[in-house]
Every structure is written in C-alpha cells, then in structure tokens.
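Following: one structure in structure tokens, then a few remarks.
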Amino acid sequence: MAYQKAFVLAMKIFEISKSFPSEEKYSLTDQIRRSSRSVPANIAEAYRKRVYPRHFHSKLTDSDAENSETQVWLEFALRCNYISEQVYLELIKESDEVGKLLNYMILNPSKFGVSEH
C-alpha cells in the first residue's frame, strides 16, 4: 500500500512539475521529481531486503526522509506560485498518508516478513 500510494504521488508530481518554468528545470523540477521517485524506490528496496532487518529499517527511513524532502519542495513550488494552495494541500495530504504508512512499516517489521534474528 505504501509503495502504491508513493508511486501515484510521484506520478502526480511529475505531471504537475511539467508546468514549472523552464528556468527551474535543473533545480526545483529535478529535485522534486528525484525525491518523490526515491520514496517508492526505497520502499521496494526495503521490501527486497526484508531478510536483513537493519537494511529494511534503513531503506524505510531513507524513504521517509525523501518523503519529507518532497514536502519541502512542494512548499517551494507553492511559495513560488507554481502550484495552487489547493494542489499543495492535496499533495501534502497524500504525502502525509505515505509517511504514516512508512511509520507503520518501520514500527511493525514482522508484518512485512522481517524476521527478528
């Protein structure tokens, strides 16, 4: 569920960021796309490394950090008037949901096939 929600959010951000000014191409646009895509990528890595509890935890905390970074870039996009407050609030809400799911995974690794050695 976390992976799917994070992936959908990254795709929404990709679509929205297409309208950012061209001068942002190598800064805000690249940064927000990179961080938002890193969230599901790190979740996938965590799941594949679930036989190693420390790796599972590490990748999920990386994913959570990237999710937080994405929120910062969304705030920049709002403040620069590249997105409306309504779009910002919608995306932040989705990002918060991803964060809650990540937190659940971090706190309940055994529910995701992580064995406590």
Side-chain angles (χ1 to χ4, degrees):
M1 183 65 87
Y3 172 85
Q4 291 89 344
K5 285 185 179 271
F7 190 91
V8 167
L9 178 58
M11 290 305 300
K12 285 182 181 180
I13 288 171
F14 171 73
E15 289 300 325
I16 289 167
S17 66
K18 286 180 179 179
S19 67
F20 289 2
S22 59
E23 65 264 19
E24 291 285 8
K25 182 177 182 182
Y26 298 109
S27 52
L28 180 61
T29 304
D30 279 350
Q31 292 286 10
I32 198 168
R33 287 178 180 178
R34 183 200 53 75
S35 65
S36 66
R37 289 172 178 169
S38 289
V39 178
N42 278 306
I43 294 169
E45 273 192 71
Y47 187 74
R48 290 293 180 209
K49 292 188 173 190
R50 67 191 182 279
V51 296
Y52 308 105
R54 288 183 183 157
H55 289 287
F56 181 79
H57 185 268
S58 176
K59 285 296 169 186
L60 289 179
T61 57
D62 289 348
S63 185
D64 191 44
E66 294 290 347
N67 191 46
S68 294
E69 181 181 336
T70 299
Q71 290 188 351
V72 172
W73 297 127
L74 286 170
E75 187 169 356
F76 272 107
L78 173 67
R79 304 275 186 214
C80 293
N81 296 312
Y82 301 153
I83 59 174
S84 68
E85 187 165 357
Q86 179 182 344
V87 168
Y88 170 78
L89 292 173
E90 175 188 319
L91 296 175
I92 288 293
K93 181 181 176 189
E94 290 181 39
S95 179
D96 284 344
E97 288 176 20
V98 169
K100 288 175 186 174
L101 292 168
L102 286 168
N103 191 49
Y104 181 81
M105 291 176 76
I106 290 167
L107 295 176
N108 299 282
S110 62
K111 295 190 187 262
F112 300 93
V114 176
S115 60
E116 303 294 324
H117 296 295

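- Between the side chain of Asn67 and the backbone N or O of Ser95 there is at least one donor-acceptor pair closer than 3.5 Å.
- Inspection of the Ser35 and Thr70 side chains reveals an N or O donor paired with an N or O acceptor under 3.5 Å.
- Of all non-hydrogen atoms in Val39 and Ser63, the two that sit nearest each other are O-OG, 2.9 Å.
- Both Leu89 and Trp73 are members of a single hydrophobic cluster when ILVMFWY side chains are connected at heavy-atom separations under 4.5 Å.
- Residues Phe56 and Phe112 have side chains in contact (heavy-atom distance under 4.5 Å, counting atoms from C-beta outward).
- The distance from the CE atom of Met105 to the CG atom of Leu60 is 5.0 Å, given to the nearest 0.5 Å.
- Once rounded to the nearest 0.5 Å, the distance linking CZ of Arg79 with CG of Leu74 reads 12.0 Å.
- Under the rule for a side chain to side chain contact (heavy atoms under 4.5 Å, CB included), the partners of Asp62 that lie at least two apart in sequence or sit in another chain are Asn42, Ser58, Lys59.
- Of the possible donor and acceptor atoms, one in the side chain of Thr61 sits under 3.5 Å from a partner among the backbone N and O of His57.
- Shown here for Met1 and Leu101, the closest heavy-atom pair between the two residues is CG-CD1, 3.9 Å.
- Looking at Ile16 and Ile32, their side chains never come closer than 4.5 Å, going by heavy atoms from C-beta outward.
- Side-chain contact between Gln31 and Glu24 is absent, with no heavy atoms from C-beta onward closer than 4.5 Å.
- Two residues are said to be in side-chain contact when any heavy atoms from C-beta on lie closer than 4.5 Å; Lys111 and Tyr104 meet this criterion.
- To the nearest 0.5 Å, atoms OG1 (Thr29) and CD1 (Ile13) are separated by 11.5 Å.
- No chain of hydrophobic side-chain contacts below 4.5 Å, direct or via other Ile, Leu, Val, Met, Phe, Trp or Tyr residues, connects Tyr47 to Ile106.
- We find the CD-CD distance between Glu90 and Glu85 to be 13.0 Å, quoted to the nearest 0.5 Å.
- Remark: Gln86 CD to Leu78 CG distance equals 12.0 Å, nearest 0.5 Å.
- Here the shortest heavy-atom pairing between Ala6 and Ile43 reads CB-CD1, 4.2 Å.
- Contact record, Lys5 with Glu97: NZ-OE1, 3.2 Å, taken as the closest heavy-atom pair.
- Atom-to-atom distance recorded for Ser27:OG and Phe76:CZ is 10.5 Å, nearest 0.5 angstrom.
- Under the 4.5 Å side-chain heavy-atom criterion for Ile, Leu, Val, Met, Phe, Trp and Tyr, Phe14 and Ile83 are members of distinct hydrophobic clusters.
- The shortest distance between side-chain heavy atoms of Gln71 and Asp96 falls below 4.5 Å.
- In this pair, Phe20 and Tyr82 present their aromatic rings tilted. The plane angle is within the 30 to 60° band.
- A salt bridge between Arg34 and Glu66 is present, with a side-chain N of the basic residue lying under 4.0 Å from a carboxylate O of the acidic one.
- Under the 4.5 Å side-chain contact rule for hydrophobic residues, Val87 and Val72 share a cluster.
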